[in-house]
Amino acid sequence: MKKKIPVSKLIVGMHIEGIGKDWMKHDFLRSSFLIKDQETLKKLKASDLTEVTIDTSKGLDLPEEKPRETAASQQPEKAPASTKEIEKPLFPETTAADIKQAKQAFAMASRVVNDLMNDVRSGKALDKDRAEESAEKIVKSIESSPHTLTAVTRIKNRDEYTFQHSVGVATLLAGFAKDVGEFSTDQIQEITVGGIIHDIGKVNTPDNILNNPEKLTDEEFVIMREHVNHSRDILQENGGFTQMQLDISLMHHEKPDGRGYPLGLKADEISEIGAMAAIIDVYDALSTKRVYKEAWEPSQALKSMVEWGAGAFNQPLLMQFIRDLGVYPVGTWVMLHSGKLGFVL
């Protein structure tokens, strides 16, 4: 439906069908176009136009106006949240204690992974007890407030990616396992330890390849892929790790179409926890800032993972993960059609 409205009421997402002036007498390339961004909106409102025609079949309509309140019932609008206010609990079921617990669990796990890697570098035995202690704190935080720790893990330092990625994988994998519903509490903690140590073999990958800001050469990629075999050797040397923990470490780069590594396993040859780890590993990597790329928004990462198809991921598990996490996960900032920012609770 076409209707004339004042320029002052235009919003991003509306489709301009007519400007009401000859093409030579206005500053726009076309008289019919979609308002896609704030810049175009500002330009329209700053022009000498007073009224335009919009087509609601091609874009947004005017929002419905609320009934006018009486002066006695009107309340002053709440001021926008300040930076300090954002430190307060962000989610309805979350307390300040939940946020503190999540931050402490994340920080401790990051230190533990860093220490474990340093121990391996110096020839010391892998301290599985420390990994289990850290896993216990992660699981406890998730049980207390499922979304809080997941949101906290999105705040990563690019320079500390290798071990913070392991914490992100451990956290997301623990939450995923909990939502799948097939695993006991003990198994979820076991899985969390598997996430913490899943990339331990990267201690033997040269730093110039791990932190290379450019696309890896074929030769460099062969060296990078070896980290999975290094992980297998380290875990076998230390012993005491369960089959699920080994699967997480050794299968998180395998793909259903057989084009993964190191073994080129196909479909059912990849265990359920291995397929879950493959989904989590890619999602956390895509949604984290790296030396060679900016972080993708969760919705962008998930959309791409779906588009890569059944050859890349176990599809039922991927759909389950998206349902559990949400296309716009808790803790995500989103731009609304109105041009306003929204925060997902």
Side-chain angles (χ1 to χ4, degrees), residues 161-162 165-166 168-177 179-180 182-183 191-192 194-202 204-205 209-210 212 215-236 241-288 290 292-293 295-325 327 329:
Y161 172 78
T162 299
H165 168 64
S166 294
V169 167
T171 300
L172 290 165
L173 198 51
F176 193 11
D179 290 331
V180 166
E182 299 175 6
F183 303 98
I191 288 166
T192 308
I196 288 172
I197 51 91
H198 86 285
D199 264 347
I200 195 70
K202 284 186 177 178
N204 293 326
T205 304
I209 292 179
L210 273 181
N212 189 347
K215 183 178 179 181
L216 296 181
T217 64
D218 291 344
E219 294 78 10
E220 288 172 332
F221 189 59
V222 168
I223 296 170
M224 173 64 87
R225 286 166 51 140
E226 278 298 302
H227 79 271
V228 182
N229 292 323
H230 295 318
S231 293
R232 178 198 60 214
D233 295 342
I234 291 167
L235 298 180
Q236 287 177 348
F241 292 95
T242 67
Q243 188 59 52
M244 279 204 300
Q245 290 166 344
L246 292 171
D247 283 358
I248 291 167
S249 183
L250 304 181
M251 294 184 179
H252 67 274
H253 287 297
E254 299 288 357
K255 297 180 179 181
D257 63 5
R259 292 192 292 177
Y261 64 90
L263 299 177
L265 301 178
K266 292 184 179 180
D268 293 342
E269 294 174 339
I270 306 169
S271 69
E272 181 181 36
I273 196 63
M276 290 166 64
I279 291 168
I280 299 295
D281 184 75
V282 171
Y283 171 77
D284 188 78
L286 291 177
S287 58
T288 302
R290 306 286 297 275
Y292 54 83
K293 75 167 189 68
W296 291 14
E297 281 302 312
S299 56
Q300 180 188 3
L302 294 172
K303 179 175 181 289
S304 295
M305 291 171 72
V306 170
E307 289 174 347
W308 293 335
F313 304 104
N314 178 304
Q315 292 299 289
L317 285 175
L318 177 59
M319 293 303 109
Q320 169 91 42
F321 177 62
I322 292 172
R323 284 194 299 272
D324 294 341
L325 189 67
V327 176

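Note that this is a predicted model, so its numbers are computed, not measured.
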For this session: Answer whether the closest heavy-atom distance between the side chains of F321 and M276 falls below 4.5 Å.
Result: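 Sidechains of M276 and F321: no contact.
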
Exercise. Can you find a heavy atom in the side chain of H227 that is under 4.5 Å from one in the side chain of N204?
Worked result: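 Counting from C-beta outward, H227 and N204 never come under 4.5 Å.
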
When rounded to the nearest 0.5 angstrom, what distance separates [atom1] in [X] from [atom2] in [Y]?
X	Y	atom1	atom2	result
L173	I280	CG	CD1	6.0 Å
N212	K215	CG	NZ	12.0 Å
S249	I196	OG	CD1	13.0 Å
N314	M319	CG	CE	10.0 Å
L216	I223	CG	CD1	9.5 Å
Y283	I322	OH	CD1	10.0 Å

Problem set entry | Non-neighbouring partners of H230 that pass ring pair (Phe, Tyr, Trp, His ring centres under 6.0 Å), sequence neighbours left out |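 Listed in chain order: nothing, the list is empty.
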
Problem set entry | Pair S231-I200, side-chain contact (heavy atoms from CB on, under 4.5 Å): steps then yes or no | CA-CA 5 Å; S231 293; I200 195 70; 3.8 Å; yes

For this session: Could you walk me through whether V222 and R225 pass the side-chain contact (heavy atoms from CB on, under 4.5 Å) test, one step at a time?
Result: CA-CA 5 Å; V222 168; R225 286 166 51 140; 5.6 Å; no

Quick one: side-chain hydrogen bond (donor to acceptor under 3.5 Å, both in side chains) partners of [X], sequence neighbours excluded?
X	answer
R259	D257
T205	none
N229	E226, R232

Exercise. For A295 and S287, which heavy atoms make the closest approach, and how far apart are they?
Worked result: CB-O, 3.5 Å

Exercise. If you take all heavy atoms of I248 and A277, which pair is closest and at what distance?
Worked result: CG2-CB, 4.0 Å

Is the side chain of [X] donor-acceptor paired with the backbone N or O of [Y] at a distance under 3.5 Å, no angle test?
X	Y	result
Q236	D233	no
E254	A275	no
E220	T217	yes

For this session: Give every residue pair that meets the ring pair (Phe, Tyr, Trp, His ring centres under 6.0 Å) criterion with at least one member in residues 263-282, sequence neighbours excluded.
Result: none

What donor-acceptor contacts under 3.5 angstrom involve side-chain atoms of residues 301-313, with partners at least two apart or in another chain?
| unit_1 | atom_1 | unit_2 | atom_2 | d |
| --- | --- | --- | --- | --- |
| K303 | NZ | E307 | OE2 | 2.6 |
| S304 | OG | Q300 | O | 3.1 |

Problem set entry | Side chains of D247 and H252, donor plus acceptor under 3.5 Å | no

For this session: Classify the side-chain pair H198/D281 by whether it contains a donor and acceptor separated by less than 3.5 Å.
Result: yes

Exercise. Between D199 and H165, is a side-chain contact (heavy atoms from CB on, under 4.5 Å) present by the stated rule, with each step listed?
Worked result: CA-CA 9 Å; D199 264 347; H165 168 64; 3.4 Å; yes

Exercise. Which word best sums up how the rings of F221 and Y261 line up, parallel for under 30°, tilted for 30 to 60°, or perpendicular for over 60°?
Worked result: perpendicular

Problem set entry | Check against side-chain contact (heavy atoms from CB on, under 4.5 Å), L235 and L246 | CA-CA 8 Å; L235 298 180; L246 292 171; 3.8 Å; yes

